[in-house]
Amino acid sequence: MAGDLKSAQDFYGAVLGWTFRPTALGPEFRVALAGPSAGGGPVAGIGALAPTLGTAVAWTPYFLVDDADTAAARVRERSATVAIGPLAMPTGRATLAADPDGAVFGLWEGRTLPGWSVGCGSGPARLELRTRDAFAAAIFYGQVLVWGSDERESCEVQYENHEVLVRDGTHTVAALRGGAIGSAPDPQIRPRWHVFFRVADTDAAARAVSAAGGIVVIPPAPADSGRQATLRDPDGGLFSVVDG
């Protein structure tokens, strides 16, 4: 959600090379497409914040659910917060929530873009939850979103290298990070979801951020999933880019 839709499109177009098209959600929403032409695959959605909401500009993951009311009830039952919704929209119903540690996320019941998926195709490289206790978070999200369920087809949940990994088939959708087994929760961490977008060149993206009025928070450097950098847009939206 952006403070100004046009400014956000200008920034992400310059930095990540995205183009944009309207959506059925209305004039205040756009779908971001990979590449310089409108023929690129969908990457993400950008919407204009209502001035009266007073919500911070941020990238927020929305998870697909079968029933928004049931999922929202699961959130409340687990001492978490439903802030908005389920709210009826032209193509479905949206809910904005926060987990017990305060990390904001969304729920979506309705149509999705054909062929869109985190971790493959043109979608974001991955999502990452930075939290104080990854295992408590895994239980919460697993129960709310039915991850790791034997009752129906769902995402698999595994523990590797001090992370809880959420996989959809052969690719990783999300990682939950919050300390090793047996370690105490870290009170210094501000729980939040973080998004990684693919770029052809992290160094070029970092240079473009500065020219477009954003900030390079962590300069490009090698990482396990490829060379990556953490950036901030002019309105404060934080995200990372990774080669790939």
Qualifying residue, where the test is side chain to side chain contact (heavy atoms under 4.5 Å, CB included) with Phe11 and the options are Asp235, Leu16, Asp233, Asp4:
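For Phe11, the side chain to side chain contact (heavy atoms under 4.5 Å, CB included) check succeeds only for Asp233.
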Tell me, do [X] and [Y] make a side-chain contact under 4.5 Å, heavy atoms counted?
X	Y	value
Gln143	Arg74	no
Val199	Asp243	yes
Ile46	Trp59	yes

How close do [X] and [Y] get, heavy atom to heavy atom, and via which atoms?
X	Y	result
Pro222	Arg227	CD-NH1, 3.8 Å
Ala71	Val65	CB-CG1, 3.9 Å
Arg111	Ala24	NH2-CB, 4.4 Å
Val209	Arg232	CG1-O, 4.1 Å
Pro61	Leu127	CB-CD1, 3.7 Å
Leu176	Ala134	O-CB, 3.5 Å

Applying the 4.5 Å side-chain criterion to the ILVMFWY set and letting contacts propagate, would [X] and [Y] be lumped into a single cluster?
X	Y	result
Ile139	Val146	no
Val15	Phe197	yes
Leu238	Leu96	no
Val75	Trp193	yes
Val242	Ile218	no

Enter the distance from [X]:[atom1] to [Y]:[atom2] here, rounded to the nearest 0.5 Å.
X	Y	atom1	atom2	result
Thr131	Arg177	OG1	CZ	12.0 Å
Ser79	Asp101	OG	CG	11.5 Å
Arg192	Leu129	CZ	CG	10.0 Å
Arg93	Leu107	CZ	CG	10.5 Å
Gln9	Leu5	CD	CG	4.5 Å
Thr202	Gln228	OG1	CD	9.0 Å

Side-chain donor/acceptor of Arg30 to backbone N/O of Thr19, under 3.5 Å
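No.
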Parallel, tilted or perpendicular: which describes the rings of Trp18 and Tyr12, with under 30° parallel and over 60° perpendicular?
parallel
For salt bridge (Lys or Arg N to Asp or Glu O under 4.0 Å), just list the numbers for Asp10 and Lys6, CA-CA rounded to whole Å, side-chain angles, deciding distance to a tenth of an Å, and then say yes or no.
CA-CA 6 Å; Asp10 291 343; Lys6 184 181 184 305; 2.9 Å; yes
Enumerate the ring-ring contact (aromatic ring centres under 6.0 Å, His included) contacts for residues 78-113, please, sequence neighbours excluded, ordered by first and then second residue.
Phe105-Tyr141
Audit row: Met1, Thr60, side chain to side chain contact (heavy atoms under 4.5 Å, CB included) steps and yes/no:
CA-CA 8 Å; Met1 300 303 294; Thr60 302; 5.7 Å; no
